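Only one structure is covered here, and it is reproduced in the block below.
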Amino acid sequence: MLSRATGCKLALAAFTSVCLIGFGQARAANVTLFQGDGNFFGGAPGGFAFDAFTGNVTESPTSLTVDVSAFGGLGRDVTPVDFDADTHQLRIVYRTLANNAANDYRIILRDNDGDDSAPGQGSEDYQFFVDMSFASPLNDGSGFSEQFVPLTESGNPVFRQQAFGFSNDGDTVLNFGLDQWQLQSAFGGTDRLNIEMQLIEIVPIPEPGALGLAAVGLAALLMRRGS
């Protein structure tokens, strides 16, 4: 029979393996929309800025810094990707800077529904509200925080509209085909938005109870090995 100490070590190893496998699967399903690379505007595809953001976005090798006091935005096309809005969410890593007076900003995701040849086959923009009071510090000394934003149709979108530059609207159903993202300040707002953006990605929502079940399994194994 294994000793109690050996049993505990084996149980802990098994629990760690379960957690690593679960996290590894979730990470593999992530879709990175932005991660600082020092070439946002000059890369392929090139990023863009409009209205107040034009000339007021500073790029570093790892981030984009925005400092505006009026409406505008920036964005980039992405290789089209399908995902389920009910099982995925936005994860944003950013920090507010000294001059910031804004409480929120928006993330826009463009849903391409076809070849733009008829109604329901065009594209539509979904705008998601980011309330900065819900950001959680990473506590790694960087000053950056992370924030998770729900994408479900019954949850977070501020509004939906036909995408700019398309002849036809989409199917009015939140069923990505994502092919572009944007970050915008509040329309008509004048509060100064001064943030540094490091990462925007789409990640799976953790399955409820997955870690709880693993913990129960760990406890049962410990009891068995200890008896």
Side-chain angles (χ1 to χ4, degrees), residues 25-54 57 59 62-64 66 68 71-94 104-130 146-187 195 197-205:
Q25 290 171 340
R27 298 299 296 177
N30 290 4
V31 177
T32 300
L33 303 182
F34 168 75
Q35 187 169 24
D37 59 9
N39 199 29
F40 181 77
F41 293 107
F48 57 86
F50 58 90
D51 290 351
F53 280 52
T54 303
V57 179
E59 187 170 9
T62 59
S63 65
L64 291 174
V66 173
V68 299
F71 172 73
L74 58 81
R76 181 184 259 176
D77 292 342
V78 298
T79 301
V81 58
D82 296 334
F83 65 90
D84 187 342
D86 289 326
T87 59
H88 290 72
Q89 59 188 340
L90 276 172
R91 177 178 181 259
I92 310 171
V93 177
Y94 68 100
D104 54 71
Y105 57 92
R106 281 89 170 122
I107 296 290
I108 287 78
L109 301 181
R110 190 171 75 187
D111 176 17
N112 191 316
D113 288 318
D115 58 12
D116 198 25
S117 63
Q121 296 179 350
S123 286
E124 52 197 342
D125 287 336
Y126 286 93
Q127 184 181 109
F128 298 91
F129 183 84
V130 183
E146 68 175 355
Q147 186 165 349
F148 293 91
V149 180
L151 301 176
T152 55
E153 192 162 9
S154 61
N156 186 61
V158 176
F159 69 85
R160 186 212 71 87
Q161 65 180 8
Q162 181 174 326
F164 175 78
F166 284 79
S167 300
N168 290 287
D169 203 348
D171 61 8
T172 71
V173 178
L174 206 159
N175 54 355
F176 294 102
L178 174 68
D179 68 352
Q180 186 188 93
W181 66 270
Q182 295 182 28
L183 186 156
Q184 294 182 7
S185 53
F187 185 76
I195 58 174
M197 185 68 57
Q198 190 176 76
L199 177 68
I200 305 173
E201 60 182 350
I202 296 167
V203 300
I205 300 171

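None of the values given here were measured: they were computed from a predicted structure.
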side-chain contact (heavy atoms from CB on, under 4.5 Å) assessment of Leu151 paired with Tyr126 | CA-CA 9 Å; Leu151 301 176; Tyr126 286 93; over 6 Å; no
Under the ring-ring contact (aromatic ring centres under 6.0 Å, His included) test, residues paired with Phe83 that sit two or more places apart | His88, Phe176
Between Asp86 and Leu174, is a side-chain contact (heavy atoms from CB on, under 4.5 Å) present by the stated rule, with each step listed?
-> CA-CA 9 Å; Asp86 289 326; Leu174 206 159; over 6 Å; no
Within residues 169-179 or reaching into it, pairs that qualify as salt bridge (charged side-chain N to carboxylate O under 4.0 Å, His left out) - sequence neighbours excluded = Arg110-Asp179, Arg160-Asp169
Apply side-chain contact (heavy atoms from CB on, under 4.5 Å) to the pair Met197 and Val66, showing each step before the final yes or no.
-> CA-CA 8 Å; Met197 185 68 57; Val66 173; over 6 Å; no
Determine yes or no for a side-chain-to-main-chain donor-acceptor pair under 3.5 angstrom, with Arg91 supplying the side chain and Glu146 the backbone.
-> no
Check against side-chain contact (heavy atoms from CB on, under 4.5 Å), Tyr105 and Tyr94 = CA-CA 12 Å; Tyr105 57 92; Tyr94 68 100; 3.2 Å; yes
More than 12 heavy atoms from other groups under 6.0 Å of CZ on Phe50 = yes
Does any N or O in the side chain of Asp116 come within less than 3.5 Å of the main-chain N or O of Ser167, such that one atom is a donor and the other an acceptor?
-> yes
Side chain proximity check, Leu178 to Ile202, heavy atoms < 4.5 angstrom | yes
Quick one: does Leu90's side chain get under 4.5 Å of Ile200's, heavy atoms only?
-> yes
Does any non-hydrogen side-chain atom of Ile107 lie less than 4.5 Å from one of Val149?
-> no
Should Pro204 and Asn30 count as side-chain neighbours, where that means a heavy-atom distance under 4.5 Å?
-> yes
With side chains defined as the heavy atoms from C-beta onward, is the minimum distance between Phe148 and Ile205 less than 4.5 Å?
-> no
Note, Glu59 side chain near Leu64 side chain (heavy atom, < 4.5 Å) = yes
Expected output: side-chain Asp104 to main-chain Val130 donor-acceptor under 3.5 Å = no
For the atom pair CZ (Phe128) and OG1 (Thr152), what is the distance rounded to the nearest 0.5 Å?
-> 8.0 Å
Keeping the roles fixed (side chain from Glu124, backbone from Thr172), state whether a donor-acceptor pair exists under 3.5 Å.
-> yes
Please table the atom pairs, donor to acceptor, closer than 3.5 Å between any side-chain atom in residues 32-41 and protein atoms at least two apart or in another chain.
unit_1 : atom_1 : unit_2 : atom_2 : d
Asp37  : OD1    : Asn39  : N      : 2.9

Is the closest side-chain heavy-atom distance between Gln182 and Phe48 below 4.5 Å?
-> yes
In short, Gly114 meets Asn112 closest at the heavy-atom pair O-OD1, 2.8 Å
Does a side-chain heavy-atom distance below 4.5 Å link Phe129 with Phe159?
-> no
